[in-house]
Protein chains: 2
Amino acid sequence: MSDDDDLVFKALADPTRRALLDRLFARDGQTLTELESELAMTRFGVMKHLRLLEEAGLVVTRRQGREKLHFLNPVPIRLIHDRWIDKYTEHHTTTLLDLKAELERDDPKEKR
Amino acid sequence: MSDDDDLVFKALADPTRRALLDRLFARDGQTLTELESELAMTRFGVMKHLRLLEEAGLVVTRRQGREKLHFLNPVPIRLIHDRWIDKYTEHHTTTLLDLKAELERDDPKEKR
DNA sequence: AGAATAGGTGACCAGATGGTCACATGTCAA
DNA sequence: TTGACATGTGACCATCTGGTCACCTATTCT
């Protein structure tokens, strides 16, 4: 509600930035150059994306000499979850997801 | 990963659409006209936003006569959560959030 | 049937966004 | 201290996005 989290949602809106979060989820504490090498984009682009992620609080950084290490911060994600998932109905959702996984195992890719 | 969820993140990127989800979270099954009346925007704008939310699967609809009822679907939100919150560290995050709430009760609004 | 009501379409415009580049700063190691 | 490396800044451009409007269709009620 306090649309301070606007930064978080804007940051998550781009596929490149989500990919960066995925890379950090897989291995935390990577540098800009490491992340760039995995992403088929110039260093400048990656830097811009990392800046947005950091301003949104989704990534926290620590300088180590001339390197800057990046870490994934899960807290804002958790807050998104809590905004629209009622504690009371959370169990139902989980059940639905299990059912969905079950169905897709039998009938992979059905549209709408 | 299957950037089909691109629609979900794009849909969540706009404050008006998040406000719509909030309204539906508060009271499910509202019509377009009901939602419009709460939002200081023309009906056309609201309709466009609802369409994106529906295409993203965040809102599901049911026609009833000439009315169209809108319902919040929490499943995609849950999937976002599961993408970056490790089951193993989930407890730590919850603990951090509790701590944060605790701190903000004593020191409301501190930046960064 | 005819009026009122609820929802839908396509085009249009101003402003925001993603990506690149030339150039600049800071740090390490020989 | 010089060169190589890691990161940072400001400007620039093509494209996407939010919002509005004139106009259209479908359903309900009298």
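Throughout, protein chains are lettered first and strands after them, A, B, ... in sequence-line order, and every chain is numbered starting at 1.
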> Which parts of residues 57-67 of chain A get close to DNA chain C, meaning a heavy atom less than 4.0 angstrom away?
Replying inline: G65(A), R66(A)

Give every donor-acceptor pair under 3.5 Å between a side-chain atom in residues 26-35 of chain A and any protein atom, sequence neighbours left out.
unit_1, atom_1, unit_2, atom_2, d
R27(A), NH2, Q30(A), OE1, 3.1
D28(A), OD1, L72(A), N, 3.0
Q30(A), NE2, R23(A), O, 3.3
Q30(A), NE2, R27(A), O, 3.2
T31(A), OG1, E34(A), N, 3.2
E34(A), OE1, T31(A), N, 2.8

> Hey, what do you get for CZ (R18(B)) to CG (D5(A)), rounding to the nearest 0.5 Å?
Replying inline: 6.5 Å

> If you group Ile, Leu, Val, Met, Phe, Trp and Tyr by side-chain heavy-atom gaps below 4.5 Å, do F9(A) and L39(B) land in one group?
Replying inline: yes

> Using the C1' atoms of the five pairs at each end, what is the angle between the end axes of the helix from dA1(C)-dT30(D) to dA30(C)-dT1(D), to 10°?
Replying inline: 30°

>> Rounding to an integer number of Å, can you tell me how far D6(A) CG sits from dA16(C) P?
In response: 13 Å

>> With nearest nucleotide decided by heavy atoms, which residue, G45(B) or T31(A), maps closer to the 5′ end of DNA chain D?
In response: T31(A)

Please list, for nucleotides 16-18 of chain D, all pairs of protein and nucleotide N/O atoms separated by less than 3.5 Å.
unit_1, atom_1, unit_2, atom_2, d
dG18(D), OP1, R17(B), NH1, 3.4
dG18(D), OP1, R17(B), NH2, 2.8

> Considering all heavy atoms of both residues, which atom of A11(A) and which atom of A56(A) are nearest to each other, and what is their separation?
Replying inline: CB-CB, 3.8 Å

> Transitively linked via ILVMFWY side-chain contacts under 4.5 Å: L53(B) with L69(B)?
Replying inline: no

>> Nearest whole Å is fine: how far is dT5(C) P from L32(B) CG?
In response: 15 Å

>> Between E34(B) and F44(A), which residue's closest nucleotide on DNA chain C lies nearer the 5′ terminus?
In response: E34(B)

> Over how many whole Å does the gap from M47(A) atom CE to dC5(D) atom P extend?
Replying inline: 17 Å

> Roughly how many Å is it from CZ in R51(A) to P in dT17(C), rounded to a whole number?
Replying inline: 12 Å

> Is the distance from OP1 or OP2 of dG19(D) to the nearest side-chain N or O of T42(B) less than 4.0 Å?
Replying inline: no

Atom pairs and distances, side-chain donor-acceptor, residues 41-51 of chain A, under 3.5 Å, sequence neighbours left out:
unit_1, atom_1, unit_2, atom_2, d
T42(A), OG1, G45(A), N, 3.4
H49(A), ND1, R17(A), NH1, 3.0
R51(A), NH1, E55(A), OE2, 2.7

> Could you state the CG-C1' distance from L35(A) to dT7(D), rounded to the nearest angstrom?
Replying inline: 13 Å

Tabulate below the donor-acceptor pairs under 3.5 Å that side-chain atoms of residues 58-66 of chain B make, not counting sequence neighbours, or state none.
unit_1, atom_1, unit_2, atom_2, d
T61(B), OG1, E54(B), OE2, 2.8

> Between dT17(C) atom P and L12(A) atom CG, what is the distance in whole Å?
Replying inline: 14 Å

> When we call it a touch if two heavy atoms are under 4.0 Å apart, what does R43(A) touch: a base, just sugar-phosphate, or nothing?
Replying inline: base

>> Distance check needed: dG19(D) P versus E36(B) CD, whole Å only.
In response: 14 Å

>> So L20(A) and E38(A), do their side chains get closer than 4.5 Å, heavy atoms only?
In response: no

> Going from CD1 on I85(A) to CZ on F25(B), what distance comes out if it is rounded to the nearest 0.5 angstrom?
Replying inline: 8.0 Å

